[in-house]
Amino acid sequence: MRVVQSSLPTPAQLFRQFEQGRISSEQFRSMMTLHHRLLIEDIDDAARDPGLSWFDEVLNRRAARHLEKEYGEEIVRETLVALAEMPDFPPAHHIWNAGHKLVPLYCFLRTRRAPVFRVIKMEVLPQMVGVVIEYGGAKKSQCTREEITLRRNRQGQLVFVNRVASR
């Protein structure tokens, strides 16, 4: 799977830009076509080795159950959506749709298969969420670990405040 360039806006960002008149319908269609190709490429990767894909899904389901039990599904989804809105955040293309409850939470986690996206730890406070994530290559040495701080704005939505690379 190809790593998505962080400069390519997520589909949610593209919809907003189109509705605000900041991009033309042709630009919107061409960028959505890129997202479509990336999704098809990911499906093809999974179909090449169904056994490995099944094992990945089992691990992703386990990680999602842990997050749901520890923090609650609602705050985990809200956190993922806020992370997807961060500037220059490569995993945004896999988690931008996390607010939709019809898509199971485990679909947004990638514990083994590249590009990896793992939620290592969360600290949930009434007005703030701190989250430690890993993303990048399948090997630990290829992963980027970041500590990200999100804070609630006046509308009660989590928004990005700070990020620090860690190890």
Side-chain angles (χ1 to χ4, degrees), residues 1-17 31 34-35 38-39 41-42 45-46 52-53 55-101 103-167:
M1 169 102 202
R2 192 175 356 149
V3 176
V4 179
Q5 292 180 3
S6 56
S7 60
L8 180 64
T10 65
Q13 292 165 341
L14 288 173
F15 278 112
R16 280 196 302 273
Q17 289 175 6
M31 287 189 266
L34 291 174
H35 283 286
L38 291 169
L39 183 60
E41 194 176 292
D42 197 30
D45 284 348
L52 184 60
S53 294
F55 185 65
D56 286 342
E57 183 179 326
V58 168
L59 293 175
N60 295 343
R61 283 178 186 262
R62 182 175 176 228
R65 270 194 313 273
H66 170 73
L67 290 171
E68 288 173 359
K69 182 179 176 186
E70 187 77 22
Y71 309 107
E73 179 181 3
E74 204 55 43
I75 191 68
V76 173
R77 285 183 182 275
E78 189 178 9
T79 300
L80 294 178
V81 170
L83 291 174
E85 292 297 322
M86 286 178 29
D88 298 325
F89 188 64
H93 300 279
H94 296 288
I95 62 174
W96 70 272
N97 203 16
H100 293 274
K101 293 185 179 180
V103 182
L105 188 59
Y106 75 88
C107 294
F108 304 106
L109 305 175
R110 297 176 68 104
T111 54
R112 293 258 175 122
R113 192 167 39 118
V116 166
F117 178 74
R118 300 181 197 111
V119 177
I120 306 301
K121 180 174 74 169
M122 289 177 64
E123 181 181 2
V124 181
L125 302 171
Q127 293 298 315
M128 188 175 82
V129 173
V131 62
V132 178
I133 57 161
E134 283 184 346
Y135 62 91
K139 297 179 183 177
K140 274 279 200 200
S141 62
Q142 299 170 333
C143 279
T144 301
R145 182 179 275 211
E146 290 186 340
E147 295 178 32
I148 299 169
T149 304
L150 305 168
R151 186 174 308 276
R152 294 203 181 277
N153 63 13
R154 290 178 186 243
Q155 292 78 31
Q157 299 169 323
L158 286 176
V159 293
F160 166 70
V161 174
N162 188 30
R163 75 200 272 187
V164 178
S166 66
R167 257 296 138 190

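Heads up: numbering here begins at 1 and tracks the sequence.
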Please name all residues satisfying side chain to side chain donor-acceptor pair (under 3.5 Å) with R16, sequence neighbours left out, ordered by chain then number.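 For R16 the side chain to side chain donor-acceptor pair (under 3.5 Å) partners, ignoring immediate neighbours, are E85.
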
Once side chain to side chain donor-acceptor pair (under 3.5 Å) is applied, do any residues pair with K101, and if so which ones, sequence neighbours excluded?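 K101 satisfies side chain to side chain donor-acceptor pair (under 3.5 Å) with E74 only.
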
Pairing residues for R151 by the salt bridge (charged side-chain N to carboxylate O under 4.0 Å, His left out) criterion, not counting sequence neighbours: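 With sequence neighbours excluded, R151 shows a salt bridge (charged side-chain N to carboxylate O under 4.0 Å, His left out) to no residue whatsoever.
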
Pairwise side-chain contact, [X] with [Y], heavy-atom cut-off 4.5 Å (strictly under):
| X | Y | value |
| --- | --- | --- |
| L38 | H93 | no |
| P115 | Y135 | no |
| D88 | M86 | no |
| E78 | I75 | yes |
| V76 | F108 | no |
| W96 | Q13 | no |
| R163 | F89 | yes |
| N162 | I148 | no |

Under 3.5 Å, which donor-acceptor pairs do the side chains of residues 116-130 form with other protein atoms, sequence neighbours left out?
unit_1 : atom_1 : unit_2 : atom_2 : d
R118   : NE     : T111   : O      : 3.0
R118   : NH1    : E134   : OE1    : 2.5
R118   : NH2    : T111   : O      : 3.1

To check you understand the geometry: which heavy-atom pair defines the closest contact between [X] and [Y], and what is its length?
| X | Y | value |
| --- | --- | --- |
| A84 | A92 | O-CB, 3.4 Å |
| S53 | A46 | OG-O, 2.8 Å |
| A98 | V81 | C-CG2, 3.9 Å |

Can you measure from [atom1] ([X]) to [atom2] ([Y]) and round to the nearest 0.5 angstrom?
| X | Y | atom1 | atom2 | result |
| --- | --- | --- | --- | --- |
| L80 | L109 | CG | CG | 7.0 Å |
| R77 | T79 | CZ | OG1 | 12.0 Å |
| T10 | N97 | OG1 | CG | 9.5 Å |
| L14 | L34 | CG | CG | 9.5 Å |

All pairs passing ring-ring contact (aromatic ring centres under 6.0 Å, His included) where residues 144-164 contributes a residue, at least two apart: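 As it turns out, there is no ring-ring contact (aromatic ring centres under 6.0 Å, His included) pair with a partner in residues 144-164 once direct neighbours are skipped.
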
Between R110 and D42, does any side-chain N to carboxylate O distance fall below 4.0 Å?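 Counted as a salt bridge, because a side-chain N and a carboxylate O are separated by less than 4.0 Å.
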
Answer yes when D56 and R113 have at least one side-chain N-carboxylate O distance shorter than 4.0 Å, and no when they do not.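 Counted as a salt bridge, because a side-chain N and a carboxylate O are separated by less than 4.0 Å.
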
Please confirm whether the backbone N or O of L59 pairs with a side-chain atom of R112, one donor and one acceptor, at under 3.5 Å?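 Not at all, since once roles are kept as given, no pair shorter than 3.5 Å links the two residues.
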
Go through the steps to decide whether M31 and L8 satisfy the test side-chain contact (heavy atoms from CB on, under 4.5 Å), and finish with yes or no. CA-CA 8 Å; M31 287 189 266; L8 180 64; 4.1 Å; yes

May I have all residue pairs that pass side chain to side chain donor-acceptor pair (under 3.5 Å) and include part of residues 61-72, sequence neighbours excluded?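 Checked against side chain to side chain donor-acceptor pair (under 3.5 Å) - neighbours excluded - the pairs reaching residues 61-72 are E57-R61, R61-Y106.
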
